[in-house]
Protein chains: 2
Amino acid sequence: MNMIAKPQPKTKRGRERRAQILAAAEDVFSEMGFTAASIADITRRAGTAQGTLYLYFDSKDEIFREVMLDLGRQIRRESSRAIEDATDRIDAEIRGLETYLRFVVRRPSVYRIVQQCAVVDRTTWREFYQTVFDRYVPHLQAAADREELSQGDAEVRAWMMIGIFTLMGERVSDWDNGKDIDRIVTEFSSLLRYGIAPRDEPTSNTR
Amino acid sequence: MNMIAKPQPKTKRGRERRAQILAAAEDVFSEMGFTAASIADITRRAGTAQGTLYLYFDSKDEIFREVMLDLGRQIRRESSRAIEDATDRIDAEIRGLETYLRFVVRRPSVYRIVQQCAVVDRTTWREFYQTVFDRYVPHLQAAADREELSQGDAEVRAWMMIGIFTLMGERVSDWDNGKDIDRIVTEFSSLLRYGIAPRDEPTSNTR
DNA sequence: ATAAAACATGAATCAGTATTCATGTTTTAT
DNA sequence: ATAAAACATGAATACTGATTCATGTTTTAT
């Protein structure tokens with residue numbers, strides 16, 4: 001509702017405190033969950049007084065939102081970096097998945113926060129996925145035009161890829177801590193290249 | 001912690017009240033979210049007094065859990081019914097997705113509750129996905145053995161399929177209300193049969 | 001018909017915690 | 001060096017809402 005966020009801190013000390021509190025909030029929210037996490041928990045972790053948090057953030061909801069926006073930027077930065085030197089779109093998808101999975105294993109808070117966000121702040125959560133989607137579709141469309149992919153529905157493909165990335169991310173960060181990344185990437189690669197239907201020519205093209 | 005749940009109601013009236021409150025809880029939780037939903041909201045919707053809820057459920061957490069378990073059963077029932085008369089595994093997957101998507105459009109509370117569950121009661125949420133996974137893998141493995149699918153990593157395939165189902169479910173129930181189901185099913189079918197890589201023989205086999 | 005069990009009520013309790021604020025300290029600008 | 005602005009404190013406030021419980025009603029069993 002309130003569109004005017006707190007102004008940026010004016011001094012170096014201020015910027016540091018804000019960053020300190022934001023980092024503490026990320027940890028606490030991902031470890032305890034939004035509801036269980038109290039302002040006292042966050043400021044204790046950050047080593048400040050409770051009131052200090054309100055110098056930089058309007059409310060518990062707003063600080064959560066800032067945490068999510070920050071993570072969103074990190075996720076997108078990480079994935080675009082991954083695909084920079086891919087040879088073609090299939091390769092880009094595969095590298096993208098691998099980098100992504102390694103990222104979420106390093107930063108398991110990512111998925112916790114995104115999941116919380118779906119519940120705590122649905123608008124921000126939608127915007128996050130919409131942004132990912134909006135950047136994804138043109139890549140897939142262009143790749144199909146260049147014949148690096150078969151022709152197909154780029155939008156639906158984007159959602160399917162995002163679905164695979166998302167669940168695999170949850171899986172490795174929450175369940176197996178990264179030990180299955182290689183298997184996952186191998187099978188994903190095979191899905192993109194051949195689907196999962198029986199293949200006609202058994203062992204000819206590795207392409 | 002407390003493993004002893006409330007005993008089953010002894011009378012018809014009791015069973016009806018319990019069902020009434022459970023249905024109200026599903027609606028209220030999915031509309032308002034777990035945190036915002038109060039016991040008063042639930043009992044108001046159910047048309048009973050607040051205390052009545054505590055005759056049948058130990059706590060707000062427990063009633064949420066019961067809602068989730070109930071939905072889990074419905075989801076599994078619906079999807080197994082869908083694939084009963086599929087001709088092969090690829091066909092089963094495609095029918096499964098379509099039925100599934102139509103189900104979540106009819107019952108949009110499904111995804112809201114599952115998402116909430118990831119945050120509110122992580123144990124139950126994990127058990128839900130684990131159960132889906134445990135039932136899925138043997139089907140895929142058996143199908144590969146019968147050569148209805150190519151050989152591959154059945155476990156990773158199961159997670160990828162679940163990821164696609166999940167995101168598409170969220171997508172149609174939350175975003176577009178079912179109008180894109182046909183497009184989605186078509187593209188999904190194509191992914192399973194051919195992948196998304198360029199195809200060697202342009203227009204030969206519809207299989 | 002009657003006692004016992006089961007079910008139902010809703011106002012009062014009570015614990016937790018987000019937010020404020022009066023007071024102090026540090027930094028910046030002149 | 002000094003005033004003003006920015007930053008920091010943490011105890012007190014204020015509110016919410018889950019849970020309880022004393023009391024009443026309905027159903028079941030005999």
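These figures come from a predicted structure and were not determined experimentally. In what follows, chains are A, B, ... by sequence order, proteins preceding strands, each numbered from 1.
Tyr56(A) has a side-chain polar atom (N or O) that falls below the 4.0 Å cut-off from OP1 or OP2 of dA8(D). Remark: Arg17(B) is in phosphate contact with dA8(C), judged by side-chain N or O atoms under 4.0 Å from OP1 or OP2.
Looking at Glu26(B) and Arg107(B), a side-chain N of the basic residue comes within less than 4.0 Å of a carboxylate O on the acidic one, giving a salt bridge. With salt bridges taken as basic N to acidic carboxylate O contacts below 4.0 Å, one links Asp182(B) and Arg102(B).
The NZ atom of Lys6(B) sits 13 Å away from the P atom of dA8(C) (whole-angstrom rounding). Nucleotide dT20(C) holds its C1' atom 13 Å from the CG atom of Leu53(A), rounded to whole Å. Protein atom CD1 of Ile39(A) is 16 Å distant from nucleotide atom P of dG10(D), rounded to whole Å. Between Ile21(B) atom CD1 and dA8(C) atom P there is a gap of 8 Å when expressed in whole angstrom units. What separates NZ of Lys12(B) from P of dT27(D) is a distance of 10 Å, to the nearest Å. Taking atom OH of residue Tyr54(B) and atom C1' of nucleotide dT20(D), one finds them 9 Å apart after rounding to whole Å. For Met32(A) and dT17(C), the CE to P distance is 8 Å, given to the nearest whole Å. What separates CZ of Phe57(B) from P of dA18(D) is a distance of 15 Å, to the nearest Å.
In this structure, of dC7(C), dT19(C), dA8(D), it is dA8(D) that holds the atom nearest to the side chain of Leu55(A). With dA18(D), dG10(C), dT19(C) as the candidates, the nucleotide lying closest to the side chain of Lys60(A) is dT19(C). Picking from dA8(C), dT27(C), dA6(C) the nucleotide with the shortest atom distance to the side chain of Thr11(A) gives dT27(C). Proximity note for Arg13(A) (side chain, C-beta onward) versus dT27(C), dT27(D), dT19(C): the nearest is dT27(C). If you check dA8(C), dT26(C), dT19(C) against the side chain of Thr52(B), the one that comes closest is dA8(C).
Side-chain atoms of Ser189(B) do not come within 3.5 Å of backbone N or O of Val185(B) as any donor-acceptor pair.
The partner of dT25(D), taking Watson-Crick or G-U wobble pairs whose two distances both stay under 3.5 Å, is dA6(C). Here dA12(C) sits opposite dT19(D) as a Watson-Crick or G-U wobble pair (both hydrogen-bonding atom distances under 3.5 Å). Taking a pair to require two hydrogen-bonding distances under 3.5 Å in either a Watson-Crick or a G-U wobble arrangement, dA14(D) pairs with dT17(C).
In this structure, Gln8(B) and Gly51(B) both approach DNA chain C, and ranking their closest nucleotides by distance from the 5' end singles out Gln8(B). Along DNA chain D, the nucleotide nearest Pro9(A) and the nucleotide nearest Ala36(B) are compared for position; the residue whose nucleotide lies closer to the 5' end is Pro9(A).
The base of dT9(D) has none of its N or O atoms less than 3.5 Å from a complementary donor or acceptor on the side chain of Gln50(A).
The residue Ser38(A) sits close only to the backbone: its heavy atoms come under 4.0 Å of sugar-phosphate atoms, none of a base. Using a 4.0 Å heavy-atom cutoff across all strands shown, Ala37(B) reaches sugar-phosphate atoms only and no base atom.
Geometrically, Lys60(A) engages Phe34(A) in a cation-pi contact defined by less than 6.0 Å to the ring centre and at most 45° from the axis.
Two residues are said to be in side-chain contact when any heavy atoms from C-beta on lie closer than 4.5 Å; Gln130(A) and Trp175(B) meet this criterion.
Of the inter-residue distances, the one linking Arg17(B) atom CZ with Ile21(B) atom CD1 reads 7.0 Å to the nearest 0.5 angstrom.
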